[in-house]
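So you know, we letter chains A, B, ... as the sequences are listed, proteins then strands, and number each from 1.
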Protein chains: 2
Amino acid sequence: MTDRAGPRATPTPPTSAAVARHAGVSRATVSYVLNGQAAGRVGERTQARVRAAAEELGYVPHAAARSLRAGRGRLVLLAAPADAVEAFGPLFTGFLAGFQTALHRLGYTGVLHGAPASSPMAAARAWAELRPAAVLNLYGPPLDAPAVELLHRAGTAAVLVLGPSAPPGAHTLLLDQREAGRRAGEHLLARGRRRIGVVRPAEPGPADCAELRLAGVRAAAAAHPDARVRPLDLARTEESAAGLAAAWPELGLDAVFGYNDEYAMLLMRALQDAGHTIGADGPDRLAVVGADDLLLARLLRPRLTSVHAEITPPEQIAGLVADLLLDPAAPPAIHRLGSFHVTPRASG
Amino acid sequence: MTDRAGPRATPTPPTSAAVARHAGVSRATVSYVLNGQAAGRVGERTQARVRAAAEELGYVPHAAARSLRAGRGRLVLLAAPADAVEAFGPLFTGFLAGFQTALHRLGYTGVLHGAPASSPMAAARAWAELRPAAVLNLYGPPLDAPAVELLHRAGTAAVLVLGPSAPPGAHTLLLDQREAGRRAGEHLLARGRRRIGVVRPAEPGPADCAELRLAGVRAAAAAHPDARVRPLDLARTEESAAGLAAAWPELGLDAVFGYNDEYAMLLMRALQDAGHTIGADGPDRLAVVGADDLLLARLLRPRLTSVHAEITPPEQIAGLVADLLLDPAAPPAIHRLGSFHVTPRASG
DNA sequence: TTGAAAGCGGTACCAA
DNA sequence: TTGGTACCGCTTTCAA
């Protein structure tokens, strides 16, 4: 057989026909046996022969051929421009882990496809070529109505979009980033803060999410006539944070929502280095709130107060997708992906 | 056309035959036109008609059918048990981003497939069903020789495995975690430290990587007869870190390599809270070194010294994969994925 | 209990 | 310049 390691001139992969020949039966019989449809059709001995032959040849069914014949694939596409994957952080990768295994258990193959972010249409075309059973777009903007339409025409039974809103025809996975901002705002306002700065990352990845969180803070502030909200542009570097901290006295703020823990920590450290005192109590102290509730955020002093996201278990979302696939005619609906609450600590 | 939003009873996706009918030509002609093989075969006017028809119907080629006919797919599988994705951290997601877009430019579809981690063979089977052109296994252990053999038999032209070593038949992507440990060890030894603790995360995700990094530190210590290396078990919680810090005096160590920045920061903070002084200089100070060079690690005081990974640009790895695919008979080789060096800061 | 054959969508050869 | 057609691997009806 193999007398040398290393990829020899690739032998043609074994087909079901090869298995049939090897077992001395027809292709149909092989198909029945290997798909558990053999009950009462194929004799025990024959089944055993077929299985042995498949094993011996290292036969693996050809997913493409199968779904071509079946008319529907079992691929679930998780679409996210790869730079966004980074923006989501550990929360996302953790979710991804459970989601893929849950899908696997349900008989689907979940796969992450980093979109070539050029245009919504281009992305949709690339996905549609794979004829996925479902597409989950985990990035805010890039899917519009024509793109969804294209996917549907390509046979995709369910299109789900992350965001506060979705294009017509698509389901919504609601993880309302405005809520994150609102919670942070309400928390600070309840503690008497009235002049609130909100970090707006200079990096393009988090931009959209940041805008929503800012809007949330504004919404919370609307309930207090004397409250003021001010966006603060900040890049993810120590220099940028130092610059912002240097300009601080002119801003006249008594609280900051740092977009997420990382930016919040960056700014908090810079403010401390510039001589400001951070803390939840007292008008002389500056309140700082982050989001995502990173472990690392508890290592700074004072510990960082953070908006924590309670994400729906990935198994549940996988189940939702499976349900949608069973009933493709279901009208687009809104499905909550999670909610936010504040975990108060010493910083604010 | 569409008078209601929402997925209507899914119309059959348009096929190339539908385009042919719509344009009043044959399927062959459609194929030629849409694949740029029309030069000198099909008239300009006909080409225009075909393209218009395709556009109008929203035609998207069926990747499965195409690769079925072609005998080879254009799918590149990035395989990583999803919990490992988390373990790799931002370094990995950043790499993933560039890699997928680079592959896309080369005409391949790169896709992340979280393996059902049950067994190497089961994983290989799941991947083989997709008949990928190449598989990159980014997780250390789970691919053995039979699994690689199976993939090759399924027509996968290139199998690449991350790690210091690879099973026969597979290429090696070398990101030598021992080197990370060695660099940390050499750094501490050069600064006169001799009793070095090395964090071993209790979590299963980083376990293998941690073992290699520990081995690297040991290798570095071998050059100094009086040096001692001691593994330190630590879970990713503040309680665990506090416990380890409480037991510190009995350990008699003058330096720690914290596995990565996160564990290092966790431990460093706990040690500080327990009254120890961290720093690079002076025998009364405890030296702490992390790895991954996170931005956040610069926010603690003293700033964390870290082992920085210099990763080969993803475009380059994508190019390598493409080359391997063009010459599948190339003997398995070792390809460096990156290297490590220490970024010294105040903590050690 | 098993086999023959049609057909999923697309490509490419050969004939017209 | 274009059309007819065989075939890629697999499932499934129908007939034997």
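Listed for the A/Thr109 side chain is no donor-acceptor partner under 3.5 Å among the backbone atoms of A/Leu75. Judged by distance alone, with hydrogens and angles left aside, the side-chain atoms of A/Thr156 form no donor-acceptor pair with the main-chain N or O of A/Ala158 at under 3.5 Å. The main-chain N or O of A/Ala18 is found under 3.5 Å from a side-chain atom of A/Thr15 such that the two form a donor-acceptor pair. Not a single donor-acceptor pair under 3.5 Å links the side chain of A/Arg69 to the backbone N or O of A/Ala64. With B/Arg49 contributing its side chain and B/Ala23 its backbone, the two residues share a donor-acceptor pair below 3.5 Å. Checked by atom type and distance alone, the side chain of B/Thr46 never pairs as donor or acceptor with a backbone atom of B/Val25 at under 3.5 Å. No donor-acceptor distance shorter than 3.5 angstrom exists from the side chain of B/Ser67 to the backbone of B/Ala70, with no hydrogens or angles considered. A donor-acceptor pair is defined here as one N or O able to donate and one able to accept, closer than 3.5 Å; such a pair exists between the side chain of B/Arg74 and the backbone of B/Gly107.
Residues B/His22 and B/Leu57 form a side-chain contact, since some pair of their non-hydrogen atoms from C-beta on lies under 4.5 Å apart. When side chains are defined from C-beta on, B/Val321 counts as touching B/Leu136, because their heavy atoms get closer than 4.5 Å. A heavy-atom distance below 4.5 Å is not found between the side chains of B/Ser165 and B/Thr172.
Within a heavy-atom distance below 4.0 Å of DNA chain C, the residues of residues 25-41 of chain A found are A/Val25, A/Ser26, A/Ala28, A/Thr29, A/Gly40, A/Arg41. Across residues 46-58 of chain B, not one residue has a non-hydrogen atom less than 4.0 Å from an atom of DNA chain C.
With A/Leu78 as reference, A/Leu112 is the one residue of A/Val111, A/Leu160, A/Leu112 to meet the side chain to side chain contact (heavy atoms under 4.5 Å, CB included) rule.
Counted by atom type alone, A/Arg41 and A/Gln37 present zero donor-acceptor pairs between their side chains at under 3.5 Å.
Using a 4.0 Å heavy-atom distance criterion, A/Gly43 is classed as a sugar-phosphate-only contact.
When DNA chain D is scanned in the 5' to 3' direction for atoms under 4.0 Å from non-hydrogen atoms of chain B, the outermost contacting nucleotides are D/dT1 to D/dG9. Put simply, chain B comes within 4.0 Å of DNA chain C, heavy atom to any atom, from C/dG9 to C/dC14, going 5' to 3'.
Residues that satisfy the side chain to side chain contact (heavy atoms under 4.5 Å, CB included) test with A/Glu129, not counting sequence neighbours, are B/Val60, B/Pro61, B/Ala63.
Place A/Ala63 and B/Arg69 on DNA chain D by their nearest nucleotides, and B/Arg69 ends up nearer the 5' end.
Over its full length, the helix from C/dT1-D/dA16 to C/dA16-D/dT1 turns its helical axis through 50°, comparing axes from the five pairs at each end and rounding to 10°.
A salt bridge is absent between B/Glu55 and B/Arg51: the closest approach of a Lys/Arg side-chain nitrogen to an acidic carboxylate oxygen does not fall below 4.0 angstrom.
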